[in-house]
Amino acid sequence: VFFSTSTCTIYKDLLVAKAAKEANPSIVTAAVGTHVMALPEETFKESEYLDVIIHSSEWEQASLNIVKNLSNLQNAKGIYFRKSTGAIIKTGYQSPIENLDELGFPSHDRLEKELYRDPTTRRFPKTMVMGQKACINNCSFCCQPAFFGAPSVRRRSVEHFLEELKWVQKLGFQEVMFNDATLTSDMEWAASLLEGMIRNKIDLTWNCSTRADRVNDEILKLMKRAGCHTIAIGMESVDPTVLKNIRKGISPGQTEKAVSMIRRHGIDSIVFCVVGFPGETKKSIENTISFLKTLDTTFITLGIAVPAPGTDFYRYVEQNNYLLTKDWSLYDPMKKPVFSYPRLTSDEIAYYSAYGLRRFYLRPRYILDRLKTVRSLTDVKTYFSNFIGFLRRYVLHKKIN
């Protein structure tokens, strides 16, 4: 039994192992995820029911190695496993998969279609696709470079990816999310994919993420024709010190230019921002909020920084004694920070996150602009649901617990 994990859900995730062992003690339980990769010894101590942790970034191949070597896990590369004596053993290195096409397609046909959607969804049902491994960025807070390498991005062949998209459409899905960290990191590969979608008349609407320096008029024109409705880009902050500390490599000016281009092509934009990174001050947060209000972006986020174990950001707050707890259930961007700086407390960071979102979304002009974009009953339902959720969280309950 394989199960995925995250930091803030690890205690509940490990209940899967317990349930499996209670059903059949001979079942081998295996955990996957960046949290267990960062803290294998600690995770084994959390659950006596856990047998295996995958430590290789080649999760798919390491999983297959386990299946092929159940009788002798020592031969399964890319894992930690617990022997009957209680000793924890780390096996050999699993080399990277050079040809990602060999992995085949995810089992979209096994999904319960009615379950999955997100606030940007235009059509339903929706599923997730992915054409690349790793990321060209090297941000200090992100699990991608920490566990999957940067900038060593590997890509599926365009032909293989197109076949998956055709199958997704045949299964009845009407929309997809491209889960690539930076869909247009390689502009030539992306253009070939988009041209293939257009040529094959693939009728899927979709959203994606990319970097501000990886869009131009040519690629945006293709994205729009191929069905793109929303593009998310990460800015994080406008403060030079914060941006340097997190190795973002993107300036506010680049973000402003990218948003302008995206909107000019009739595509919605999301600008990801986060409060609480090293170097943050009340003034830097105020400056970021003020800048966001000048952008013609459709949506923003103003999340709370979470120091994920294994990242440089986590090491920074731990080594400087800024961490307040190692209760992993609290490492949640929807809860107040698990760290506090000498001049910026955990409570202040949480306050500014909610405050900034109210400042952006409750502007009369913004609300009027959104109402002008309503084109269908689905739009009405989506906007209403999102707005009620926003009011409940950020207006009626201003304090984040």
Side-chain angles (χ1 to χ4, degrees), residues 118-120 139-142 209 212 230-246 248 250-256 258-260 262-263 268-307 313 317 322 330-341 343-370 383 385-401:
D118 64 60
T120 69
C139 301
S140 67
F141 58 88
C142 184
S209 298
T230 305
I231 299 174
I233 54 177
M235 182 178 76
E236 320 313 346
S237 173
V238 300
D239 186 80
T241 300
V242 173
L243 293 173
K244 180 181 179 181
N245 288 342
I246 64 175
K248 186 63 188 177
I250 292 291
S251 70
Q254 288 174 301
T255 300
E256 184 174 30
V259 168
S260 179
I262 291 168
R263 302 291 287 126
D268 284 343
S269 64
I270 305 174
V271 175
F272 291 146
C273 286
V274 177
V275 292
F277 286 133
E280 194 82 275
T281 64
K282 295 176 185 178
K283 182 63 176 175
S284 68
I285 300 174
E286 286 278 7
N287 289 340
T288 297
I289 294 169
S290 295
F291 181 81
L292 287 170
K293 290 169 62 180
T294 70
L295 293 179
D296 182 31
T297 185
T298 321
F299 307 105
I300 67 161
T301 67
L302 200 62
I304 292 172
V306 176
F313 178 35
V317 293
Y322 296 147
L330 301 177
Y331 282 58
D332 184 336
M334 300 299 284
K335 297 179 180 179
K336 71 179 184 180
V338 294
F339 59 91
S340 198
Y341 299 125
R343 297 184 179 180
L344 189 67
T345 68
S346 174
D347 285 332
E348 288 171 333
I349 293 170
Y351 165 78
Y352 273 106
S353 171
Y355 166 76
L357 290 168
R358 292 196 300 270
R359 288 275 303 277
F360 182 87
Y361 283 111
L362 296 183
R363 293 172 294 156
R365 179 179 175 181
Y366 176 84
I367 295 172
L368 179 61
D369 287 343
R370 294 277 61 76
Y383 281 171
S385 176
N386 292 344
F387 189 65
I388 293 300
F390 178 85
L391 290 177
R392 285 174 176 169
R393 179 163 183 82
Y394 297 108
V395 179
L396 300 180
H397 299 89
K398 296 182 182 180
K399 183 177 180 180
I400 299 179
N401 296 316

Euclidean distance, [Y] [atom2] relative to [X] [atom1], rounded to 0.5 Å:
X	Y	atom1	atom2	value
Thr298	Asp296	OG1	CG	7.0 Å
Leu292	Thr297	CG	OG1	8.0 Å
Ile349	Phe277	CD1	CZ	10.5 Å
Tyr351	Lys282	OH	NZ	10.0 Å
Phe272	Thr301	CZ	OG1	5.5 Å
Glu256	Ser251	CD	OG	9.5 Å

Show me the donor-acceptor pairs, under 3.5 Å and distance only, between side chains in residues 230-238 and residues at least two apart or in other chains.
unit_1, atom_1, unit_2, atom_2, d
Glu236, OE2, Lys248, NZ, 3.0
Ser237, OG, Asp239, N, 3.0

Using modelled atom types and a 3.5 Å cut-off, is there a donor and acceptor pairing between side-chain atoms of [X] and backbone atoms of [Y]?
X	Y	result
Tyr322	Val338	no
Arg263	Ser260	no
Thr241	Gly279	no
Thr288	Ser284	yes
Ser353	Leu302	yes
Tyr361	Ile300	yes
Asn245	Pro278	yes
Ser269	Ile262	no

Does Thr281 form a side chain to side chain contact (heavy atoms under 4.5 Å, CB included) with Leu344? I'd like the steps, not just the answer. CA-CA 6 Å; Thr281 64; Leu344 189 67; 5.8 Å; no

For the side-chain contact (heavy atoms from CB on, under 4.5 Å) test, which of Asp332, Ile304, Leu330, Asp347 pairs with Pro337?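 Only one of Asp332, Ile304, Leu330, Asp347 forms a side-chain contact (heavy atoms from CB on, under 4.5 Å) with Pro337, namely Ile304.
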
Exercise: identify the closest heavy-atom pair between Gly356 and Ile289: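 Scanning both residues completely, I find the closest heavy atoms to be CA-CD1, 3.5 Å.
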
Tell me whether the NZ or CZ atom of Arg363 lies within the 45° cone about the ring axis of Phe360 and under 6.0 Å from its centre.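 Yes, a cation-pi geometry.
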
Parallel, tilted or perpendicular: ring planes of Phe339 versus Tyr341, cut at 30 and 60 degrees: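 The arrangement is tilted - the two ring planes meet at 30° to 60°.
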
Side chain to side chain contact (heavy atoms under 4.5 Å, CB included), that's the test. Do Arg365 and Arg370 meet it? Break it down for me. CA-CA 9 Å; Arg365 179 179 175 181; Arg370 294 277 61 76; over 6 Å; no

